[in-house]
Student: 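Let me give you the structure first, and then I'll get to my questions.
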Amino acid sequence: MRKFLQCFFLFSFFVNLNLYGFNQNVVAAQTKPLPAPGMKVDPKNTALVLTDPQNDFLSPNGVAWNLVKESVAKNHTIENIESLLKTAKANNFKVFVSPHYYYPYDQKWKFGGVLEHAMHELNMYQRKGPLTLEGFKGSGADFLDRYKPYIEDGKTVITSPHKIYGPEANDLGLQLRKQGITHIILAGMSGNLCVESHMRELIEQGFEVSVVHDATGSAIVNNLDGDMAAKINFRMIASASWSTNETVDKMKSSHR
């Protein structure tokens with residue numbers, strides 16, 4: 001009995017010691033600042049990737065404008081995206097656009113998530129078909145007019161459309177690899193949906209990603225703040241989460 005009690009107390013001592021050490025590690029992890037690995041910017045291997053710089057999100061006439069206008073105004077999203085485009089073109093960074101288009105047969109899908117249903121109900125990103133531009137100019141699926149000089153310059157790569165949120169179903173990854181791109185500066189619409197989904201998938205595919213957190217905007221609806229949710233995940237997942245000013249400085253200084 002004595003040996004049993006001795007073993008029991010010894011066992012309890014080590015268990016409590018280990019638990020105490022474990023608890024210390026938990027507390028340390030909770031209070032320690034998050035790492036900030038950063039990302040080196042070089043036009044030889046770094047590209048600007050924009051998701052959905054389109055009228056339905058970024059024009060007051062767009063069908064989703066009322067959902068995102070608060071965060072777009074707060075972040076100065078429209079101006080910041082243009083600043084990124086202007087800087088990328090002036091400093092020889094390749095630009096890729098991953099757009100969102102829906103064709104008539106996409107409206108016949110049998111199931112979908114919450115905001116998938118919302119996008120279809122709002123008739124977002126509608127085009128008459130993949131082989132025609134009839135009715136495209138100035139539509140919700142078209143690019144914001146102020147971005148067209150940069151996007152339609154014959155140098156920007158416009159990928160096939162992504163259909164839900166991420167680039168899994170389009171050719172963005174292929175296009176990036178074929179151009180020798182390994183590092184990505186990511187921005188666009190909307191932050192907690194397409195931008196975040198692109199960020200996650202591109203990281204899973206082995207690209208290094210920095211997100212420009214104020215060159216995005218997200219829906220704020222029914223006490224759900226998509227903009228805040230996106231910015232939290234940008235900081236926790238990407239190599240870096242930069243402001244537009246920081247990003248512009250890094251792109252410009254890459255030549256110094």
Side-chain angles (χ1 to χ4, degrees), residues 48-90 94-109 112 115-165 167 169-172 175 186-191 193-195 197-198 212 214-221 226-227 244:
L48 173 65
V49 174
L50 295 179
T51 64
D52 305 350
Q54 295 164 263
N55 287 327
D56 268 342
F57 265 137
L58 293 171
S59 167
N61 296 321
V63 297
W65 175 251
N66 285 333
L67 297 175
V68 300
K69 64 181 181 181
E70 182 179 343
S71 66
V72 166
K74 179 181 68 176
N75 292 337
H76 302 286
T77 305
I78 294 172
E79 299 86 349
N80 287 338
I81 290 176
E82 184 173 16
S83 181
L84 292 174
L85 282 166
K86 182 177 180 180
T87 304
K89 295 295 183 178
K94 291 183 174 68
V95 177
F96 295 74
V97 174
S98 178
H100 211 144
Y101 300 138
Y102 286 128
Y103 307 128
Y105 44 76
D106 297 326
Q107 298 296 328
K108 298 177 182 179
W109 291 352
L115 289 178
E116 245 184 290
H117 277 285
M119 286 191 290
H120 288 300
E121 289 170 3
L122 289 169
N123 289 316
M124 290 183 71
Y125 304 127
Q126 293 299 299
R127 282 182 53 180
K128 293 185 181 296
L131 302 180
T132 178
L133 289 177
E134 180 187 351
F136 176 72
K137 187 175 181 180
S139 70
D142 197 3
F143 303 119
L144 206 65
D145 279 343
R146 66 196 291 172
Y147 301 156
K148 288 183 178 180
Y150 309 102
I151 294 175
E152 297 178 356
D153 66 349
K155 298 178 181 179
T156 295
V157 177
I158 302 173
T159 72
S160 56
H162 59 272
K163 287 296 183 176
I164 303 179
Y165 306 124
N170 76 356
D171 64 339
L172 176 62
Q175 296 289 353
L186 182 63
M189 296 296 289
S190 71
L193 299 176
C194 296
V195 178
S197 293
H198 276 66
V212 190
D214 59 0
T216 71
S218 303
I220 299 176
V221 58
D227 188 57
T244 298

Student: Identify the heavy atoms of Val212 and Ala187 that sit nearest to each other, and give their distance.
Tutor: CB-CB, 4.2 Å
Student: Give a yes or no on this: more than 12 heavy atoms of other residues, nucleotides or ligands lie within 6.0 Å of atom NZ of Lys74.
Tutor: yes
Student: Would you name the heavy atoms of Ala215 and Ile81 that are closest together and state the gap between them?
Tutor: O-CG1, 3.6 Å
Student: Going by side chain to side chain donor-acceptor pair (under 3.5 Å), name the residues that satisfy it together with Lys94, two or more places apart in sequence or in a different chain.
Tutor: none
Student: Sub-3.5 Å donor-acceptor pair from the side chain of Thr87 to the main-chain atoms of Leu84, do we have one?
Tutor: no
Student: Give the minimum heavy-atom separation between Val72 and Gly217, together with the two atoms involved.
Tutor: CG2-CA, 4.4 Å
Student: Does Phe96 offer a backbone N or O that forms a donor-acceptor pair with the side chain of Thr156 under 3.5 Å?
Tutor: no
Student: Do Asn55 and Asn61 come within less than 4.5 Å of each other through their side chains, counting heavy atoms only?
Tutor: no
Student: Do Pro99 and Ile158 come close enough that some side-chain heavy atom pair is under 4.5 Å?
Tutor: yes
Student: Could you tell me if the side chain of Tyr125 sits less than 4.5 Å from the side chain of Pro161, heavy atoms only?
Tutor: no
Student: I'd like to know if the side chain of Asp153 reaches the main chain of Lys155, judged simply by a donor and an acceptor atom lying under 3.5 Å from each other, with no hydrogens or angles considered.
Tutor: yes
Student: Nearest heavy-atom pair of Pro104 and Gly129: which atoms, and what distance?
Tutor: CD-N, 4.2 Å
Student: Indicate every side-chain donor-acceptor pair of residues 133-145 with a distance under 3.5 Å to a residue at least two apart or in another chain.
Tutor:
unit_1 : atom_1 : unit_2 : atom_2 : d
Ser139 : OG     : Phe136 : O      : 2.7
Ser139 : OG     : Ala141 : N      : 3.3
Asp142 : OD2    : Gly138 : N      : 2.8
Asp142 : OD2    : Lys148 : NZ     : 2.7
Asp145 : OD1    : Lys148 : NZ     : 3.2

Student: Would you say the side-chain atoms of Ser218 pair up with the backbone N or O of Gly191, donor to acceptor, closer than 3.5 Å?
Tutor: yes
Student: With the side chain counted from C-beta on, respond yes when Glu82 and His76 share a heavy-atom pair under 4.5 Å apart, and no when they do not.
Tutor: no
Student: Over 60° means perpendicular and under 30° means parallel, so classify the ring planes of His100 and His162, tilted if in between.
Tutor: tilted
Student: Who are the side chain to side chain donor-acceptor pair (under 3.5 Å) partners of Asp106, not counting sequence neighbours?
Tutor: Lys163
